[in-house]
Amino acid sequence: AEDIDLEETVLEVLTKPEDFEKVRDALKQKGYVPSTAEVSMFPQSTIKLIGEEAHKVINLVNSLEEHDDVQSVHANFDVPDEILEQES
């Protein structure tokens with residue numbers, strides 16, 4: 001594992017994609033039962049959005065996620081938590 005983050009009752013383990021199965025299996029052998037285990041994409045750089053730009057991008061992402069033909073949406077924007085809370 002490259003990084004481990006504990007938030008309340010959630011343990012997030014970050015690793016290289018090629019090490020995913022080894023790390024997941026090692027955690028299971030130690031008695032940890034993952035609620036989810038998946039390979040995800042994370043941006044190497046982010047773009048900070050505020051105000052109207054943030055609202056527009058969030059609306060776009062929500063529309064894409066709701067579309068039947070879209071399997072997943074990846075983005076590299078960083079929006080303040082208070083704006084995200086307003087949108088949910």
Side-chain angles (χ1 to χ4, degrees):
E2 292 185 356
D3 193 17
I4 297 175
D5 187 23
L6 177 61
E7 293 183 20
E8 295 181 24
T9 60
V10 176
L11 179 68
E12 182 177 70
V13 179
L14 301 177
T15 186
K16 294 179 182 175
E18 58 267 18
D19 295 333
F20 170 74
E21 289 182 14
K22 288 189 283 188
V23 172
R24 183 196 59 204
D25 294 345
L27 288 169
K28 284 182 179 180
Q29 287 177 355
K30 295 289 183 182
Y32 295 97
V33 180
S35 58
T36 60
E38 63 186 17
V39 175
S40 298
M41 297 180 74
F42 292 97
Q44 292 185 3
S45 63
T46 58
I47 298 172
K48 187 165 184 81
L49 297 176
I50 57 173
E52 188 62 29
E53 285 182 333
H55 291 287
K56 287 180 180 179
V57 170
I58 291 170
N59 288 336
L60 173 62
V61 169
N62 288 339
S63 295
L64 289 170
E65 287 176 338
E66 292 172 4
H67 195 283
D68 292 339
D69 293 334
V70 175
Q71 293 180 351
S72 63
V73 178
H74 301 278
N76 69 334
F77 61 86
D78 180 20
V79 176
D81 291 339
E82 55 270 5
I83 293 177
L84 290 174
E85 290 170 5
Q86 291 173 0
E87 294 293 329
S88 50

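Every heavy atom of this structure was used, including side-chain atoms; hydrogens, water molecules and symmetry mates were not.
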Engineer: For the OG atom of Ser63 and the CD1 atom of Ile58, what is their distance to the nearest 0.5 Å?
Structural biologist: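 Reported to 0.5 Å precision, the distance equals 12.0 Å.
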
Engineer: Taking everything shown except Tyr32 itself, do over 12 heavy atoms lie less than 6.0 Å from its OH?
Structural biologist: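 Not buried by this count: 12 neighbours or fewer within 6.0 Å.
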
Engineer: Rounded to the nearest 0.5 Å, how far apart are OG1 of Thr15 and CG of Leu27?
Structural biologist: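 Reported to 0.5 Å precision, the distance equals 10.0 Å.
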
Engineer: Counting heavy atoms not belonging to Glu53, are there more than 12 under 6.0 Å from its CD?
Structural biologist: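 Open: at most 12 neighbouring heavy atoms sit under 6.0 Å from CD of Glu53.
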
Engineer: Any chain of hydrophobic side-chain contacts (each under 4.5 Å) joining Val57 to Val70?
Structural biologist: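 Yes.
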
Engineer: Could you tell me the separation between the NZ atom of Lys30 and the CG atom of Asp25, rounded to the nearest 0.5 Å?
Structural biologist: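 Between atom NZ of Lys30 and atom CG of Asp25 there are 13.5 Å.
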
Engineer: Hey, what do you get for CG (Asn59) to CG (Leu64), rounding to the nearest 0.5 Å?
Structural biologist: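 Output value for this atom pair is 11.0 Å.
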
Engineer: Could you tell me which non-hydrogen atom of Gly51 sits nearest to which non-hydrogen atom of Ile83, and how far apart they are?
Structural biologist: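 Distance-wise, the nearest heavy atoms are N-CD1, 3.7 Å.
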
Engineer: How about Leu11: does its CG atom have over 12 heavy atoms from other parts shown lying under 6.0 Å from it?
Structural biologist: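 For Leu11, atom CG is crowded (more than 12 foreign heavy atoms under 6.0 Å).
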
Engineer: Under 4.0 Å between a Lys/Arg side-chain N and an Asp/Glu carboxylate O for Lys22 and Asp19?
Structural biologist: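 Salt bridge: yes.
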
Engineer: Within the supplied structure, the quantity of interest is the number of heavy atoms (other residues, nucleotides, ligands) at a distance under 6.0 Å from Glu82 CD; does it exceed 12?
Structural biologist: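 Enclosed.
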
Engineer: So which atom in Thr46 and which in Pro43 form the shortest heavy-atom distance, rounded to 0.1 Å?
Structural biologist: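 Looking at all heavy atoms of both residues, the closest pair is CG2-CG, 4.0 Å.
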
Engineer: Does a donor on one side chain sit under 3.5 Å from an acceptor on the other, for Glu38 and Ser40?
Structural biologist: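 Yes, side-chain donor-acceptor contact under 3.5 Å.
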
Engineer: Quick check on the hydrophobic clustering: are Val39 and Val23 connected, directly or via other members, by side-chain heavy-atom contacts under 4.5 Å?
Structural biologist: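 No, it is not one cluster - the side chains of Val39 and Val23 are not joined through contacts under 4.5 Å.
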
Engineer: Would Ile50 and Val79 show up in the same hydrophobic cluster when neighbours are defined by side-chain heavy atoms closer than 4.5 Å?
Structural biologist: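 No, separate clusters.
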
